[in-house]
Amino acid sequence: LLAHEGLHQYLARFFPDPVPAWANEVLATQFEAFDLDGPFPTFTSRRNYFRRNNLRELVTAGQDGLIPLVDLLSMDAGQAVRGIRYGSRAYYAQIWSLVLFLMDGSAPAACQDGFRRLLADLGTERMKMAIRAQRVTTSDSAGMSDGELLFRHYISEDLSATDREYRAFAEALLR
């Protein structure tokens with residue numbers, strides 16, 4: 001918990017512009033599991049058993065268990081904690097597994113490349129400009145959150161296909 005919250009503090013302090021909620025939480029969940037070798041941590045995100053067990057509950061619940069990607073990208077932790085539409089365990093389990101999907105070779109190469117570009121631009125003027133550009137070039141962007149626009153710009157415009165690929169990954173992750 002301290003490592004998770006510490007990353008939020010780091011992003012707030014050292015990044016010039018706010019990081020959209022899903023991206024902020026995606027990064028923070030990667031610091032929740034670690035081994036200590038003396039005073040030095042080795043982060044072991046895949047061994048985050050707390051998040052893995054929560055993900056198992058969601059996947060076991062079937063199609064209605066996982067939060068649709070479009071909803072996940074527009075949520076923030078406050079909505080999850082308050083249980084607005086989806087609970088915090090579902091939100092954090094999916095955020096945790098989404099970054100594994102984007103980083104470990106399971107997502108299409110274009111999505112992985114886009115995620116790396118997003119990480120390089122995170123909290124910068126380039127990221128703000130990317131969100132603005134996506135809003136201008138997307139016909140139905142008025143109802144989209146900055147988080148969804150960010151994902152569409154950097155990772156994939158086709159949220160339905162990415163959602164299907166992510167769901168298959170989430171099931172495979174639990175085997």
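Considering only residues two or more places apart in sequence or on other chains, His4 meets the ring pair (Phe, Tyr, Trp, His ring centres under 6.0 Å) condition with His8, Tyr92. With sequence neighbours excluded, no residue forms a ring pair (Phe, Tyr, Trp, His ring centres under 6.0 Å) with Phe115. Remark: Tyr91 pairs with no residue by the side-chain hydrogen bond (donor to acceptor under 3.5 Å, both in side chains) rule, at least two apart or across chains. Scored by the side-chain hydrogen bond (donor to acceptor under 3.5 Å, both in side chains) test, Arg116 finds Asp113 as partners (sequence neighbours excluded). In this view, Tyr86 satisfies the ring pair (Phe, Tyr, Trp, His ring centres under 6.0 Å) rule with no residue, not counting sequence neighbours. The salt bridge (charged side-chain N to carboxylate O under 4.0 Å, His left out) search around Asp158 returns none, not counting sequence neighbours. Under the rule for a ring pair (Phe, Tyr, Trp, His ring centres under 6.0 Å), the partners of Phe14 that lie at least two apart in sequence or sit in another chain are Tyr10. Residues satisfying the side-chain hydrogen bond (donor to acceptor under 3.5 Å, both in side chains) test with Ser160, not counting sequence neighbours, are none. Every residue was checked against the side-chain hydrogen bond (donor to acceptor under 3.5 Å, both in side chains) condition with Trp22, not counting sequence neighbours, and none meets it. Scanning for salt bridge (charged side-chain N to carboxylate O under 4.0 Å, His left out) contacts around Glu5 gives an empty result, with sequence neighbours left out. Partners of Arg164 according to the salt bridge (charged side-chain N to carboxylate O under 4.0 Å, His left out) rule, which considers only residues two or more places apart in sequence or in another chain, do not exist here.
With Gln134 as the fixed residue, the side chain to side chain contact (heavy atoms under 4.5 Å, CB included) test singles out one of Glu148, Met144, Glu157: Glu157.
Rounding to the nearest 0.5 Å places CG of Leu98 at 7.0 Å from CD1 of Ile155. For the atom pair CG of Asp146 and CG of Leu73, the computed distance is 12.0 Å after rounding to the nearest 0.5 Å. With rounding to the nearest 0.5 angstrom, the CZ atom of Arg46 is 10.0 Å from the CE atom of Met103. Atoms CD and CG, on Gln9 and Leu2 in that order, are 11.0 Å from each other to the nearest 0.5 Å. Note: Gln94 CD to Leu72 CG = 5.5 Å, rounded to the nearest 0.5 Å.
Among residue pairs with one or both ends in residues 33-44, those qualifying as side chain to side chain donor-acceptor pair (under 3.5 Å) are Asp35-Arg47; sequence neighbours excluded.
Aromatic ring pairs are classed by plane angle as parallel below 30°, tilted from 30° to 60° and perpendicular above 60°; the pair Phe34 and Phe43 is perpendicular.
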- Tell me, with the steps shown, if Gln30 and Leu100 meet side-chain contact (heavy atoms from CB on, under 4.5 Å). CA-CA 9 Å; Gln30 299 309 291; Leu100 295 177; 3.8 Å; yes
